[in-house]
Every structure is written in C-alpha cells, then in structure tokens.
A.B. asks: 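Please see the structure below; I have some questions.
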Amino acid sequence: MSLKLYLAGPEVFLPNAREVLDAKAELTRSYGFTPICPGDISIEPAPTRHEFGLKISAVDEGMMNSADGVIANLTPFRGIAADPGTAFELGYMCAQGKLVAAYTNVAENHFARTSAFYQGNVREWEDGRTRATDGTALEDFEMIENLMLHGGVERRGGPIIVHPAPADKLLTDLTGFEQCLKALAEAVAK
C-alpha cells in the first residue's frame, strides 16, 4: 500500500491549475506514492459564498486527515511569503506528526525577501534586533520561510528544497517538488 501525500500549494489559483496539479500527481505516482490534490474533489454548492468556503475548508481538512504526509510549495505567493493556506496545511500536518517536506522556487531566504519589502531600510536597533523603519523586527535565521514553517519541516527530518526557478515559472517549475519526492522515497525505503 503506497503512502498518500497531500500536495499543498497555491497551484489551485493558477489559470492552468489542472495542468500543474495533474503533472504533480503523475510525478507523485511515478515515485510510488498516491497523490491527494486539493481541487480534485467537486464540492456541492452552498447557499452563500461563506458557506461554500467552509465546505472547501472541511473537504481540504478531510483530505489532509486521510494523507500520510504532505509536500508543501512554499514559493512566495502574492507577496514575500508562502501562501497562507499552504502555511496552514503544513502546520496542520506537522501537528499531526505526519511526513512533511517543503520546497521553494525562490533562492532568497525569508530575511532577504523581507528586507527587500522594506527596500533595504532595515538596521540593528538598540535592543540588538534588526528592525524595519516601522519598528517591526525581521527574522534573520537563514531560513527559506518563517521559522515556524521551515523549522517545522526540518525539526521533523523532512527535506527542504530550494530551487531557483526562472521568474516565468515560479509557480509551475516542479524541480524542487520532484526533489522532495526523491528524498521522501529514499526515507521511506530505509
């Protein structure tokens, strides 16, 4: 019986979502895993958009509950950090003690991206912390993402893959995803 992997990431929002999700699912199967992809299940209509959103949330949690692990695409989405839904999904799976892996298609770490958001206007304050002009502290832990996401994967022994993809393929390049599959297949085989 093959392990079921939940494929977390912002791909569901892409105009070619089905194509990207199908490619990820095919790769997942080629490594002996069973893919569980958000967007694969049709959800019954609801009387309001709010109720429909609740249904989607429940279905996604149900899919994660049925999975043995997750591969999370932490490539920054709509800003400097990972998609918030993906962040939730990764945390949910870490909390359940499931197999976790993550990748990003951006080489700059979290601190570099946050510093760039402030156009480099960051400095060390009297308290010894690096802060932006608005006074907020910046994480500088040489991690690809917020320390809770990166740390959650690494502390559980999961792979974190950094692959600098071309700008026009940031959310569709599957090199890092496949490296996660390879690492998980090797770990499971031991």
Side-chain angles (χ1 to χ4, degrees), residues 2-44 49 52-96 98-110 113 143-146 148-150 152-153 158-185:
S2 72
L3 293 176
K4 295 180 278 184
L5 296 178
Y6 183 82
L7 309 182
E11 292 84 3
V12 294
F13 300 109
L14 299 177
N16 61 340
R18 187 74 270 150
E19 177 186 328
V20 176
L21 290 171
D22 287 348
K24 288 178 90 169
E26 184 178 326
L27 268 174
T28 303
R29 283 190 284 279
S30 77
Y31 281 87
F33 299 111
T34 301
I36 299 176
C37 298
D40 277 359
I41 296 174
S42 100
I43 299 170
E44 293 179 24
R49 288 184 298 187
F52 189 60
L54 292 175
K55 283 186 175 197
I56 294 170
S57 174
V59 166
D60 286 352
E61 283 188 24
M63 289 192 299
M64 287 187 286
N65 290 339
S66 72
D68 300 299
V70 64
I71 298 178
N73 178 358
L74 299 181
T75 302
F77 181 67
R78 297 180 179 155
I80 63 167
D83 164 55
T86 303
F88 172 86
E89 292 164 339
L90 178 56
Y92 190 89
M93 298 299 268
C94 282
Q96 292 189 22
K98 297 192 179 192
L99 199 60
V100 292
Y103 71 98
T104 180
N105 288 332
V106 172
E108 294 91 11
N109 68 25
H110 189 260
R113 294 191 317 269
M143 296 183 173
I144 61 154
E145 190 45 80
N146 173 280
M148 294 304 291
L149 298 176
H150 185 130
V153 174
I160 296 181
I161 306 298
V162 178
H163 170 71
D168 63 334
K169 295 188 179 354
L170 279 183
L171 294 171
T172 59
D173 187 305
L174 299 181
T175 304
F177 175 75
E178 186 169 12
Q179 289 175 2
C180 284
L181 287 167
K182 284 179 188 176
L184 291 177

A.B. asks: For Pro166, give me all partners under side chain to side chain contact (heavy atoms under 4.5 Å, CB included), at least two apart in sequence or on another chain.
C.D. replies: Asp168, Lys169, Asp173
A.B. asks: Of all heavy-atom pairs between Ala101 and Val153, which one has the smallest distance, and what is that distance?
C.D. replies: CA-CG1, 4.1 Å
A.B. asks: Provide the closest heavy-atom pair for Ala107 versus Val162 in the form atom of the first, atom of the second, distance.
C.D. replies: CA-CG1, 3.8 Å
A.B. asks: side-chain hydrogen bond (donor to acceptor under 3.5 Å, both in side chains) with Thr28: which residues, sequence neighbours excluded?
C.D. replies: none
A.B. asks: Just to verify, what does Ser30 make a side chain to side chain contact (heavy atoms under 4.5 Å, CB included) with, not counting sequence neighbours?
C.D. replies: Leu27
A.B. asks: List the residues meeting side-chain hydrogen bond (donor to acceptor under 3.5 Å, both in side chains) with His150, not counting sequence neighbours, and say none if there are none.
C.D. replies: Glu154
A.B. asks: First locate atom CD1 of Ile161, then atom CZ of Phe177, and finally report the distance between them rounded to the nearest 0.5 Å.
C.D. replies: 12.0 Å
A.B. asks: Give the minimum heavy-atom separation between Ala8 and Glu89, together with the two atoms involved.
C.D. replies: CB-OE1, 3.3 Å
A.B. asks: Please identify each residue that fulfils side chain to side chain contact (heavy atoms under 4.5 Å, CB included) with Pro76, with sequence neighbours left out.
C.D. replies: Thr104, Val106, Arg113
A.B. asks: Any side-chain to backbone donor/acceptor pair from Lys98 onto Asn65? Under 3.5 Å, distance only.
C.D. replies: yes
A.B. asks: Can you give me the closest heavy-atom contact between Ala72 and Thr86, atom names plus distance?
C.D. replies: CB-CG2, 4.0 Å
A.B. asks: Has the side chain of Lys4 got a donor or acceptor atom that lies under 3.5 Å from a matching backbone atom of Ile36?
C.D. replies: no
A.B. asks: Might you point out which heavy atoms bring Ala25 and Cys37 nearest each other, and give the distance in Å?
C.D. replies: CB-SG, 4.1 Å
A.B. asks: How long is the span from the CD1 atom in Ile71 to the CD atom in Gln179, to the nearest 0.5 Å?
C.D. replies: 11.5 Å
A.B. asks: Working to the nearest 0.5 angstrom, can you tell me the gap between Leu5 CG and Asp68 CG?
C.D. replies: 7.5 Å
A.B. asks: More than 12 heavy atoms of other residues, nucleotides or ligands under 6.0 Å from CD of Gln96: yes or no?
C.D. replies: yes
A.B. asks: Give, for atom CG of Leu90 and atom CG of Asp83, the distance between the pair rounded to the nearest 0.5 Å.
C.D. replies: 11.5 Å
A.B. asks: Can you list every pair that meets salt bridge (Lys or Arg N to Asp or Glu O under 4.0 Å) and has a residue in residues 5-24, with sequence neighbours left out?
C.D. replies: Glu11-Lys24, Arg18-Asp22, Arg18-Asp40
A.B. asks: Name all residues meeting the side chain to side chain contact (heavy atoms under 4.5 Å, CB included) criterion together with Ala82; count only those two or more places apart in sequence or in a different chain, and write none if there are none.
C.D. replies: Leu74, Glu145, Leu149
A.B. asks: Would you list the atom pairs, donor with acceptor, under 3.5 Å between side chains in residues 54-61 and any protein atom, with sequence neighbours excluded?
C.D. replies:
unit_1	atom_1	unit_2	atom_2	d
Lys55	NZ	Pro45	O	3.1

A.B. asks: If you look at every heavy atom in Arg29 and Pro35, which pair is closest and at what distance?
C.D. replies: NH1-CG, 3.2 Å
A.B. asks: Quick one: which residue pairs count as a ring pair (Phe, Tyr, Trp, His ring centres under 6.0 Å) with a foot in residues 5-42, not counting sequence neighbours?
C.D. replies: Phe13-Phe77
A.B. asks: Apply ring-ring contact (aromatic ring centres under 6.0 Å, His included) to Phe88 and list each qualifying residue two or more places apart in sequence or on a separate chain.
C.D. replies: Tyr92
